[in-house]
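Right, one structure below, let's go through it.
Hydrogens, waters and symmetry mates are skipped; everything else that's a heavy atom, side chains included, is used. Chain identifiers are assigned alphabetically (A, B, ...) following the order of the sequence lines, protein sequences preceding nucleic acid strands; residue numbering begins at 1 within each chain.
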Amino acid sequence: MATDSASLYARIHELVRLIPAGSVATYGQLARLCGCSARQAGYAMAAAPDDVPWHRVINSRGEISPRKEGGESAQRGRLLDEGVTFDRRGRVDLGQVRWPGPSWAWLAANGYSVDGIE
DNA sequence: TAAATGACTAACA
DNA sequence: GTGTTAGCCATTT
């Protein structure tokens with residue numbers, strides 16, 4: 001259970017909730033937005049509740065990250081159900097389905113620096 | 001308290 | 001294209 005860093009996870013989870021169906025984001029992308037490292041983004045997914053579309057978060061290669069349990073297939077299935085296509089290698093076309101990120105308005109409304117760099 | 005772990009990434013060979 | 005190295009930092013042991 002998260003301790004003091006629960007707010008950090010909450011922030012990541014909120015970002016993930018903004019990802020529309022049919023789009024995907026990378027761990028590093030979320031990490032940049034929440035101001036933490038990519039590993040923490042992965043940890044946040046492991047701890048993500050069911051109301052978070054964690055299946056829309058993949059690694060920078062556009063593949064499903066291998067984890068302990070074999071939940072990869074479930075994640076792939078959810079994405080396919082949302083219209084995300086995988087190529088023969090099991091990778092998605094990030095150039096096509098990658099989530100551009102939250103709107104500037106959202107960022108500003110949530111205390112993020114719109115300048116990109118605080 | 002210290003060391004190991006991990007749903008990562010970028011850079012380099 | 002693949003393999004290795006280093007950096008990352010909360011969580012777990």
Worksheet, complete the sentence: When rounded to whole Å, the OH to P distance for the pair A:Tyr9 and C:dA10 reads 9 Å
Interface polar pairs with nucleotides 1-4 of chain C, N/O, under 3.5 angstrom:
residue, atom, partner, partner atom, Å
C:dT2, OP1, A:Arg89, NH2, 3.4

Worksheet item: Within the distance-only criterion (no hydrogens, no angle test), does the side chain of A:Arg78 pair as donor or acceptor with the backbone N or O of A:His55 below 3.5 angstrom?
Response: no
Worksheet item: Of all the nucleotides listed (C:dT11, B:dA7, C:dC9), which has the minimum atom distance to the side chain of A:Ser37?
Response: C:dC9
Response to the item:
To the nearest angstrom, the OH-C1' distance between A:Tyr43 and C:dT11 comes to 5 Å
Worksheet entry | A:Gln29 (side chain) donor-acceptor with A:Arg98 (main chain) under 3.5 angstrom | no
Worksheet item: Closest heavy-atom contact between A:Ala25 and A:Ile19?
Response: CB-CD1, 3.6 Å
Practice prompt. Consider only side-chain heavy atoms of I, L, V, M, F, W and Y, link residues closer than 4.5 Å, and tell whether A:Tyr27 and A:Val24 are in one cluster.
Written response: no
Worksheet, complete the sentence: Between CZ of A:Arg67 and P of B:dA7 the distance, given in whole Å, is 9 Å
Quick one: which protein N/O atoms are closer than 3.5 Å to N/O atoms of nucleotides 9-13 of chain B? Pair and distance per line, please.
residue, atom, partner, partner atom, Å
B:dT9, OP1, A:Ser60, N, 2.8
B:dT9, OP2, A:Ser60, N, 2.9
B:dT9, OP2, A:Ser60, OG, 3.4

Worksheet entry | Length of the CZ-C1' vector between A:Arg76 and B:dA7, whole Å | 16 Å
Worksheet item: How about A:Arg61: does its CZ atom have over 12 heavy atoms from other parts shown lying under 6.0 Å from it?
Response: no
Worksheet item: Just checking A:Gln75: base, sugar-phosphate only, or nothing, at a heavy-atom cut-off of under 4.0 Å?
Response: base
Worksheet item: Rounded to whole angstrom units, what separation is found between the CG atom of A:Leu8 and the P atom of C:dT11?
Response: 8 Å
Worksheet item: Nearest-Å distance, NZ (A:Lys68) to C1' (B:dG6)?
Response: 8 Å
Fill in: For A:Arg32, side chain to side chain contact (heavy atoms under 4.5 Å, CB included) partners two or more places apart
none
Discussion item. Run the side chain to side chain contact (heavy atoms under 4.5 Å, CB included) test against A:Asp81 and tell me which residues pass, sequence neighbours left out.
Written reply: none
Cut-off 3.5 Å, no hydrogens considered: what does the side-chain donor-acceptor table look like for residues 83-90 of chain A, sequence neighbours left out?
residue, atom, partner, partner atom, Å
A:Asp87, OD1, A:Arg89, N, 2.9
A:Asp87, OD1, A:Gly90, N, 3.1
A:Asp87, OD1, A:Arg91, N, 2.8

Tell me which donor-acceptor pairs under 3.5 Å the side chains of residues 40-53 of chain A have, and how far apart each pair is, sequence neighbours excluded?
residue, atom, partner, partner atom, Å
A:Gln40, NE2, A:Ser37, OG, 2.4
A:Asp51, OD2, A:Arg17, NE, 3.3
A:Asp51, OD2, A:Arg17, NH2, 3.1

